[in-house]
Amino acid sequence: MKTLLVIDSSARSHRSTTRALTSRFADAWKSRFGESSVIHRDLGANPPRPVDDAWIAAAFAKDVKGTPAALAESETFIDEILSADVIVIGAPMYNFGMPASLKAYLDQIVRVGRTFDFGESHENPYLPLIPSKPVVAITSKGSGDYEPGGPMESLNFLEPHLATVLGFIGLGDISYAKVAREEYKDEEWKRMVAEAEVTVDQLATKLAAD
Ligand SMILES: Cc1cc2nc3c(=O)[nH]c(=O)nc-3n(C[C@H](O)[C@H](O)[C@H](O)COP(=O)(O)O)c2cc1C
């Protein structure tokens, strides 16, 4: 059995484009490996705590025995990532970047000595500690033209930010299924949804077989 970790960050429980596509991926996975093959982390319904003074003190403390309470949520999230073979992330664009719940999640999982370490050289000052595994980022935006070369490219802080942080801890193997123009629901949006569904189906089949 291969384990899939599905991370949703849309604040919408219904009518969500990213949730429709992450569910589609999860359903394909379950039909191949069974119900227990999918871990669902719903950040939209249960946003992680923002890191605070106690979290930072615990994360950078030396020679600590056991897991300090402040890092309990972080440990759960990191263990889920480590136990997964494949990770799917639903990430809507909120105000040109990712939802606050997904940013809080990333803040919880980037931890010195646990998911990254300091290297020796100026050229390579950080070392990722998570073994590489495939990540599928499913994104949705209200308007369009954020793609490279498009008039809104410089305003897109969603995929670049997500990819930078994931790559920093070792999760640099990222495939995308992207939808835009969700607020218009026009023919172009319908075409992008249909294309994203095909991409999801193809990736689910490929990553289940690899
Ligand atoms: C709080 C909020 C902020 C948003 N900001 C942007 C934005 O900056 N640019 C954009 O193109 N769409 C924006 N949108 C539209 C969403 O990206 C779009 O509706 C997307 O489909 C949401 O994902 P979901 O369908 O999975 O909920 C925003 C939506 C919300 C709710």
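Whatever order the structure lists ligands and atoms in, that order sets their numbers, starting from 1.
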Q: Using a strict 4.0 Å cut-off to heavy atoms of Phe96, name the atoms of ligand 1 that fall inside it.
A: 7 (C), 8 (O)

**Q.** Top protein contact for atom 20 (C) of ligand 1, by heavy-atom distance
**A.** Ser140 OG, 3.4 Å

Q) To the nearest 0.5 Å, how far apart are CD1 in Ile87 and CD1 in Ile89? A) 6.5 Å

Q.
As a check for students: among Met93, Arg181, Glu182, identify the option with a heavy atom nearest to atom 13 (C) of ligand 1.
A. Met93

Q. If you measure every N/O of Arg12 against every N/O of ligand 1, is any gap under 3.5 Å?
A. yes

Q: Identify the residue among Lys190, Lys141, Arg12, Arg15 that makes a salt bridge (charged side-chain N to carboxylate O under 4.0 Å, His left out) with Glu182.
A: Arg12

(Q) When you measure from the side chain of Gln108 to the backbone of Arg49, do you find a donor-acceptor pair of N or O atoms at a distance under 3.5 Å? (A) yes

Q: Could you list which atoms of ligand 1 come closer than 4.0 Å to a heavy atom of Thr18?
A: 24 (P), 26 (O)

Q: Only heavy atoms count here, so choose which of Trp189, Tyr146, Tyr94 is nearest to atom 9 (N) of ligand 1.
A: Tyr146

Q) Does the ring center of Tyr94 lie less than 6.0 Å from the ring center of Phe96? A) no

Q. Where do Glu187 and Arg191 land on the salt bridge (Lys or Arg N to Asp or Glu O under 4.0 Å) test, with the steps shown first?
A. CA-CA 6 Å; Glu187 289 306 312; Arg191 181 186 54 74; over 6 Å; no

Q) What are the atoms of ligand 1, with element, lying closer than 4.0 Å to any heavy atom of Glu183? A) 14 (N), 15 (C)

Q | Asp53 atom CG, over 12 foreign heavy atoms within 6.0 Å | A | no

Q) Closest non-hydrogen protein atom to atom 5 (N) of ligand 1, residue and atom name please, with distance? A) Asn95 N, 2.8 Å

Q. Does NZ in Lys2 sit with more than 12 non-hydrogen atoms of other residues, nucleotides or ligands closer than 6.0 Å?
A. yes

Q) Which option out of Ala100, Pro92, Ser13, Gly142 puts a heavy atom nearest to atom 12 (N) of ligand 1? A) Gly142

**Q.** Atoms in ligand 1 with a heavy atom of Ser10 nearer than 4.0 Å
**A.** 24 (P), 26 (O), 27 (O)

